Engineer: 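If you scroll down you'll find the structure; I have some questions about it.
This structure is a prediction, so every number in the text was calculated from the model and none was measured.
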Amino acid sequence: MGITSQSTGSNILNDMFKIERASPNDKIIAFAGNPNVGKSTVFNSLTGLNQHTGNWPGKTVTNAQGKYNYKESTFILVDLPGTYSLSSSSAEEEVARDFICFGNADATLIITDATCLERNLNLVLQTIQMTDKVVVCVNLIDEAARKKITIDFDELSRLLGVPVIATNARDKKGFAELMAALDDISNESKVTNKIKITYDKNVEDVINIIQPVVKELVFEKVDSRWLSLKIIEEDESISETLTKYLGFNIYENELFISKLNIAKEYLKEKEISNNDLRDSLVSSILHKAEEISNNVVVYENKTYNDFDRKVDKIITSRLIGIPVMIGLLGVILWLTISGANYPSEVLVKFFFWVEGILTEFLYSIGTPQWLHGLMVLGVYRTLAWVVAVMLPPMAIFFPLFTLLEDLGYLPRVAFNLDNFFKKACAHGKQALTMCMGFGCNAAGVIGCRIIDSPRERLIAIITNNFVPCNGRFPTLIVISTIFFAGIALGPLQSLVCTLILTSVIVFGVLMTLLISRLLSKTLLKGLPSSFTLELPPYRRPQIGKIIVRSIFDRTIFVLGRAMAVAAPAGLIIWIMANVQIYDISILAYCAGFLNPFASLIGLDGYILMAFILGFPANEIVFPIIIMSYMATGSLVQLNDLSQLREILVSHGWTWLTAVCVMLFSLMHFPCATTCWTIRKETQSLKWTMIAFIVPTVIGILICFTFANAVRLFELI
């Protein structure tokens, strides 16, 4: 899965240390925090555009680095994965723990949420046990004030023994104090009086047995008390890392082994198992977090979260939670379909007006007919089609989807679907990765990193393609509008189209669950693991953030990728359609070869070939179909969808063809980008091929069964 010792390589910790300092004044800050605490907002506000992202060397875990200047120093923020603990039960937790402890950072900045401080203190206390160079940033103080939650920040700082800074990242309130605190704490001479967690007597006795020798061996490179606890826990993930960091293996020291055996014998006498020990350690930290929270947090309004609970009773209800979820999806799709029609028509007219100017210009300079066909009728018209068809729905769908994400609704979707995924022997977090796939299946595959179990992560990766990505939405929308929405008049057409598209998506979700269960009973046998899902508070949407994330980070990115692939595809299709052998085009030869098999699954040779040629990007499948049907091998100027329907019907399309194209669009091989991402995430060609084959075989079987059932019962 790309996170094992075999796949990560032996020099990962050495590579982690290679964060370049341009000058001795540069300071490296480990940037940590729970998910949903405004961590990204703080990071972006501090660093602005001076940042870059990548993967940890040898790890499929993303990191981001950003810089800002303060006084005479440059601070390099290393954004660690959002995590609830540092227990190293997942790749994200292991990366965060290793960098904080062994990454040679000058300080660690932990972002917490003022509205749920007690829960966040778990990570804070774990980190403070590892290092005293910590600054705690209590973010979202505006939300806390709105809910009438008061925090004594001075007392919190005194109890933790490290600086505590209150911030409102949206307005950059408290950032001056935050930067000053980081500058102060990162000085080598700065000494803090960090809190010490006291465990029960048996644990403390064991610590006292081995800590003296551990302290002598590691000097001050690692906190000896914390390391003693990890050794007692028998945390295997840290032993190899520790050896690389220290440059020697402490397990080869005879005195250390002697003391460790004494400690183990003590635990055995007290009948304390490893699980009992871990439970005791976790319980001690949680109790301390509760104690600190009770001392510093005052809830003036005891019913501050009643609104959230009332809303959650509706949208996470067993009875109506799923219908509400489907209804919201339908509303988003309806707004997308209704809102995209007019701008698409405007763009089509504009692009073909520009085409006329291009044509006149090329003819005026004596351009050969074949070159005009190649560049204008092939490349330009394909690009025009992709932009005109894709841009409007994306520009509507992505902001609406991001709005739900920003409001905090997507975790509720995961909550609603958790029981279904559990019955499918899959992980509940797969619901979140499935939602990511609506934007881009490659992004959904990357999102599978949040699933700790390698088996369940593979299931999520293989089945992610069963939900339609943004590149497939235009095809589904156009076909449902042309062949099915016509049964209604006026505004009802959009409603019918929405119902059909929603049904297709629900069918894709059902197939995801079905195939997940099938995989868990065959190739990837095992029981589903449990997990804790946080339902973050509902928050006021950040319109600016939504626009940036949806338009710039998603819409333009996906559109740019589609155009980059569509341009050469248009070139190739035009050549195949216009180069003839014995008066038959290469395109016709290929379509004729594929036609017998395509007919069995309700398609034709041109449609099947369009899916094959559209492997680089799903966005270009439908444009290829239209180009293939044209005698000139180029897109015609379409003023409205009725003309497009006439073209399709004249080439043998029926309602059965339309349904089979929609089904095969929903279930077929992932695009090239997604396949490449799967290969990178799994570090396995085998699982990449399985992820390619499984949806394709399922799509063929579904289309074959449906098409031949319709023919058998003479429904067409």
Engineer: Would you call the rings of Phe669 and Phe692 parallel, tilted or perpendicular if under 30° counts as parallel and over 60° as perpendicular?
Structural biologist: parallel
Engineer: Leu371 and Val376: side-chain contact (heavy atoms from CB on, under 4.5 Å), yes or no, with the steps?
Structural biologist: CA-CA 8 Å; Leu371 184 58; Val376 176; over 6 Å; no
Engineer: Does a side-chain heavy-atom distance below 4.5 Å link Ile462 with Leu524?
Structural biologist: yes
Engineer: How close do Pro596 and Gly592 get, heavy atom to heavy atom, and via which atoms?
Structural biologist: CD-O, 3.4 Å
Engineer: If we only count heavy atoms from C-beta on, is the Asn618 to Cys469 side-chain gap below 4.5 Å?
Structural biologist: yes
Engineer: Show me the donor-acceptor pairs within less than 3.5 Å that the side chains of residues 497-516 make with the rest of the protein, sequence neighbours left out.
Structural biologist:
unit_1	atom_1	unit_2	atom_2	d
Thr498	OG1	Ser494	O	2.7
Thr502	OG1	Thr498	O	2.7
Ser503	OG	Leu499	O	2.8
Thr512	OG1	Gly508	O	2.9
Ser516	OG	Gln430	NE2	3.2
Ser516	OG	Thr512	O	2.6

Engineer: Do the side chains of Val467 and Asn441 get nearer than 4.5 Å, heavy atoms only?
Structural biologist: yes
Engineer: Which heavy atom in Phe466 sits nearest to a heavy atom in Leu666, and how many Å separate them?
Structural biologist: O-CD1, 3.4 Å
Engineer: What distance do Phe352 atom CZ and Ile357 atom CD1 have between them, rounded to the nearest 0.5 Å?
Structural biologist: 14.0 Å
Engineer: Just so I know, are the side chains of Tyr589 and Ile581 near enough to count as touching, which here means a heavy-atom distance under 4.5 Å?
Structural biologist: yes
Engineer: How many angstroms lie between OG in Ser684 and CZ in Arg679, if you round to the nearest 0.5 Å?
Structural biologist: 7.0 Å
Engineer: Looking only at heavy atoms, what is the nearest atom pair of Phe421 and His427, with distance?
Structural biologist: CB-O, 3.8 Å
Engineer: Apply side-chain contact (heavy atoms from CB on, under 4.5 Å) to Tyr409 and Leu328, showing your working.
Structural biologist: CA-CA 10 Å; Tyr409 180 68; Leu328 276 174; 3.6 Å; yes
Engineer: Going by distance alone, is a donor N or O of one side chain under 3.5 Å from an acceptor N or O of the other, for His668 and Asn465?
Structural biologist: no
Engineer: Would you sort out whether Ile479 and Trp653 count as a side-chain contact (heavy atoms from CB on, under 4.5 Å), showing the intermediate values?
Structural biologist: CA-CA 11 Å; Ile479 293 177; Trp653 278 52; 4.2 Å; yes
Engineer: I'd like to know if the side chain of Trp574 and the backbone of Gly373 have a donor-acceptor N/O pair within less than 3.5 Å.
Structural biologist: yes
Engineer: Decide yes or no on side-chain contact (heavy atoms from CB on, under 4.5 Å) for Leu587 and Met609, but give the supporting numbers first.
Structural biologist: CA-CA 9 Å; Leu587 195 65; Met609 188 173 61; 2.8 Å; yes
Engineer: Parallel under 30°, tilted from 30 to 60°, perpendicular over 60°: which one fits the rings of Tyr629 and His651?
Structural biologist: parallel
Engineer: Do Asn595 and Asp604 meet the criterion of a side-chain donor-acceptor pair at a distance under 3.5 Å?
Structural biologist: no
Engineer: Is any side-chain heavy atom of Glu355 less than 4.5 Å from a side-chain heavy atom of Phe351?
Structural biologist: no
Engineer: Are any of the side-chain heavy atoms of Phe622 and Leu476 separated by less than 4.5 Å?
Structural biologist: no
Engineer: Nearest 0.5 Å, please: how far is OG1 in Thr705 from CD1 in Ile601?
Structural biologist: 11.0 Å
Engineer: Okay, side chain of Ser665, backbone of Met662: is any donor-acceptor separation there less than 3.5 Å?
Structural biologist: no
Engineer: Work out which heavy atom in Phe704 is nearest to a heavy atom in Asn708; give both atom names and the distance.
Structural biologist: O-ND2, 2.7 Å
Engineer: Got a second to check how far Tyr380's OH is from Met375's CE, nearest 0.5 Å?
Structural biologist: 12.5 Å
Engineer: Is the closest side-chain heavy-atom distance between Ser585 and Asn578 below 4.5 Å?
Structural biologist: no
Engineer: Kindly say whether Cys448 contributes a backbone atom to a donor-acceptor pair with the side chain of Thr433 at under 3.5 angstrom?
Structural biologist: no
Engineer: For the residue pair Ile396 and Leu335, what are the closest heavy atoms and their distance?
Structural biologist: CG2-O, 3.9 Å
Engineer: Does Phe706 have more than 12 heavy atoms from other residues, nucleotides or ligands lying within 6.0 Å of its CZ?
Structural biologist: yes
Engineer: Tell me, yes or no, whether the heavy-atom count around Met325 atom CE, taken from other residues, nucleotides or ligands under 6.0 Å, exceeds 12.
Structural biologist: yes
Engineer: Return the CD1 to OG1 distance between Ile461 and Thr688, rounded to the nearest 0.5 Å.
Structural biologist: 8.5 Å
Engineer: For the atom pair CD1 (Ile624) and CZ (Phe611), what is the distance rounded to the nearest 0.5 Å?
Structural biologist: 10.5 Å
Engineer: I'd like to check Val496 versus Thr481 (side-chain heavy atoms, cut-off strictly below 4.5 Å). Are they in contact?
Structural biologist: no
Engineer: If we count only N and O atoms by modelled type, under 3.5 Å, do the side chains of Tyr363 and Gln369 hold a donor and an acceptor together?
Structural biologist: yes
Engineer: What pair of heavy atoms forms the shortest contact from Gly614 to Val621, and how long is it?
Structural biologist: CA-CG2, 4.1 Å
